[in-house]
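Just below is one structure, and these are the notes that go with it.
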Amino acid sequence: MTQAKRVPVAVLASGRGSNLRALLEASKAGHLPNADFRLVISNQPDAPALLVAQQHGVEALAVDHRPFKGDRAAHERAILEHLQGAGVELVVLAGYMRLLTPTLITPFAGRMINIHPSLLPSFPGTNAQKQAVQYGVRVSGCTVHFVTEEMDAGPVILQRAVPVLPEDNEHTLAARILAQEHQAIAAAVQLITSDRLEVIGRQVRIKPNPDSDSKTPLLHPKSVEIVVATGNAHKLHEIRTILQDVPVVFRGTTEFDPMTEPDENAPDYLGNARIKAQAWQQKTGLWTLADDSGLEVDALNGRPGIRSARYAASSEARNRKLLSELDGVPFEKRTARFVCTVVLCGPDGEEYHATGVCEGHIGFEPKGEHGFGYDPIFVPDDFGGRHLAELSESTKNNISHRAKALYGLKPALGKLLKM
Ligand code: GAR
């Protein structure tokens with residue numbers, strides 16, 4: 001194995017930060033061993049990208065452009081100071097929505113890259129996906145290129161093609177291009193930080209991999225992204241953690257344009273999970289995972305069960321209501337179980353599902369700070385009477401109904417990764 005020096009990297013992002021997340025997750029999964037992500041800078045103080053950085057333990061800084069009142073050079077000098085202060089050697093523009101000037105470009109000539117959602121030189125500038133749909137091209141995609149003074153015109157490092165379908169609008173096309181962007185940006189950072197790029201005029205040559213037995217080949221040749229049909233940040237985090245060894249990028253629904261959620265009117269967990277998974281699969285065109293779960297209390301003939309999320313208006317109210325319904329019921333009669341069914345739907349009508357159960361009792365009062373939903377009042381079997389919300393995240397992720405259901409999906413995920 002060649003031991004290259006780790007390259008200090010900064011990412012500049014203005015918005016959602018899904019490309020940034022793809023980079024940080026690829027790094028966490030060990031695919032970018034030569035990249036040292038030191039700093040994320042946004043010109044928008046409330047950019048979700050800054051939260052993504054913090055969630056991954058990377059320093060996040062807002063350098064708001066507005067106080068600079070149109071003086072681009074002064075704003076860029078402020079950014080440059082931070083980059084140089086952190087010893088940054090590679091700058092990645094990942095959805096950075098400001099045109100840069102030589103103030104920032106010149107010091108990072110050959111060491112600054114950008115991702116753009118079209119096959120350049122077609123459709124530079126803003127709204128590239130809309131331009132592609134309106135022009136009527138049959139193929140679009142994304143480009144990672146070196147940044148030069150001319151907008152979206154530097155030497156091309158990588159491109160990935162995406163077919164434009166007759167039924168596409170700018171949003172559906174953007175979602176499929178984005179899946180490719182996440183792969184392309186990480187692959188480009190892998191190439192550049194392992195010194196495998198040579199720029200000759202406009203052309204970028206990719207040098208052969210010196211580590212023929214390298215454990216870090218050019219990332220996944222195929223895009224493996226799964227939409228998780230939930231807007232619940234806790235649930236998304238839990239699913240990402242439980243499946244962290246599966247090399248897939250999980251994307252929550254808040255990364256897409258909002259849509260009216262379908263009615264979950266099926267008689268069982270499987271039916272409701274299927275309704276959610278199919279709705280988001282059809283919207284995004286991507287593989288989609290959804291779950292439905294409930295708490296079944298024997299003394300209440302299995303209620304709240306399928307209606308657990310709708311049992312009362314908030315988590316606290318649901319827990320209070322359940323405790324009051326069980327008022328006077330002794331511990332041994334308070335048996336209950338969490339049940340979860342997960343469904344994975346594919347673009348060609350594929351469907352896999354699995355169910356997990358966690359047995360226990362309902363306690364007498366809420367306890368614990370971890371978890372969410374009914375966790376504070378649920379006492380799982382075999383944990384010395386401790387409530388689910390009192391257990392560490394990693395313990396919960398071994399025993400919970402959702403974890404067991406997701407583990408049950410692993411063979412299907414393995415199949416999907418081989419396709
Ligand atoms: C991405 O689609 C990226 O290609 C685009 O902004 C989006 C950022 O998404 N960049 C440009 O259009 C640059 N001209 P993200 O914040 O989720 O990574």
Side-chain angles (χ1 to χ4, degrees), residues 9-27 37 40-56 58 60 62 65 91-101 104-105 112-134 140-154 156-162 164 168-189 223 225 227-228 236 249-258 284-286:
V9 182
V11 179
L12 268 53
S14 299
R16 179 178 55 184
S18 72
N19 277 292
L20 168 66
R21 183 189 297 283
L23 283 172
L24 297 178
E25 288 184 355
S27 169
F37 290 93
V40 170
I41 298 181
S42 181
N43 61 308
Q44 298 286 356
D46 54 358
L50 293 174
L51 293 179
V52 172
Q54 284 160 4
Q55 281 164 359
H56 288 80
V58 176
H65 59 279
V91 177
V92 180
L93 307 183
Y96 188 68
M97 294 308 194
R98 284 180 68 78
L99 207 53
L100 293 180
T101 75
L104 205 51
I105 297 174
M112 181 184 279
I113 64 175
N114 177 46
I115 181 137
H116 184 77
S118 75
L119 294 176
L120 291 170
S122 291
F123 313 126
T126 51
N127 298 324
Q129 305 94 332
K130 187 172 174 185
Q131 294 183 54
V133 170
Q134 285 180 346
S140 189
C142 62
T143 304
V144 186
H145 62 93
F146 283 107
V147 176
T148 55
E149 283 176 37
E150 203 186 330
M151 183 187 66
D152 296 332
V156 170
I157 300 170
L158 285 177
Q159 292 189 304
R160 283 181 175 233
V162 173
V164 182
D168 262 336
N169 57 42
E170 62 184 287
H171 304 296
T172 54
L173 179 62
R176 291 204 317 286
I177 292 178
L178 196 62
Q180 296 300 319
E181 289 184 40
H182 296 163
Q183 297 288 312
I185 198 166
V189 168
S223 147
E225 290 218 328
V227 179
V228 181
L236 181 61
V249 176
F250 292 100
R251 300 175 58 199
T253 53
T254 54
E255 292 182 40
F256 299 89
D257 287 333
T284 62
L286 300 172

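Position 1 is the first residue of the sequence; numbering continues from there. Source: prediction; values computed, not measured. When a ligand or atom number is given, it counts from 1 through the structure's own listing order.
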>> Below 3.5 Å, N or O to N or O, backbone or side chain included: is there any such pair between Asp152 and ligand 1?
In response: no
>> With side-chain contact (heavy atoms from CB on, under 4.5 Å) as the criterion, how do Leu120 and Ser118 come out once you've worked through the C-alpha distance, each side chain's angles and the decisive distance to 0.1 Å?
In response: CA-CA 6 Å; Leu120 291 170; Ser118 75; 3.8 Å; yes
> Can you name the one residue among Ile41, Val91, Asn43, Val147 that meets side-chain contact (heavy atoms from CB on, under 4.5 Å) with Tyr96?
Replying inline: Asn43
>> Exactly one of Ile115, Ile113, Leu104, Leu100 should register a side-chain contact (heavy atoms from CB on, under 4.5 Å) with Leu93. Which one does?
In response: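 Only one option passes, and that is Leu100.
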> Under the side-chain contact (heavy atoms from CB on, under 4.5 Å) criterion, do Glu170 and Gln131 qualify, and how do the steps go?
Replying inline: CA-CA 8 Å; Glu170 62 184 287; Gln131 294 183 54; over 6 Å; no
>> Would you say that Glu255 contacts Arg21 through its side chain, given a criterion of any heavy-atom pair below 4.5 Å between the two side chains?
In response: yes
>> In the structure I gave you, are the side-chain heavy atoms of Glu25 and Phe250 within less than 4.5 Å of one another anywhere?
In response: no
Protein heavy atom at shortest distance from [atom]:
atom	answer
atom 12 (O) of ligand 1	Pro117 CD, 3.3 Å
atom 3 (C) of ligand 1	Glu181 OE1, 3.2 Å
atom 14 (N) of ligand 1	His116 ND1, 3.1 Å
atom 8 (C) of ligand 1	Gly95 CA, 3.6 Å

> Which ligand 1 atoms are under 4.0 Å away from a heavy-atom of Ser18?
Replying inline: 15 (P), 16 (O), 17 (O), 18 (O)
>> Considering Arg98, Gln180, Met97, Arg16 one by one, which has a heavy atom nearer to atom 6 (O) of ligand 1 than any of the others?
In response: Met97
>> Yes or no: does Gly17 have any heavy atom under 4.0 Å from an atom of ligand 1?
In response: yes
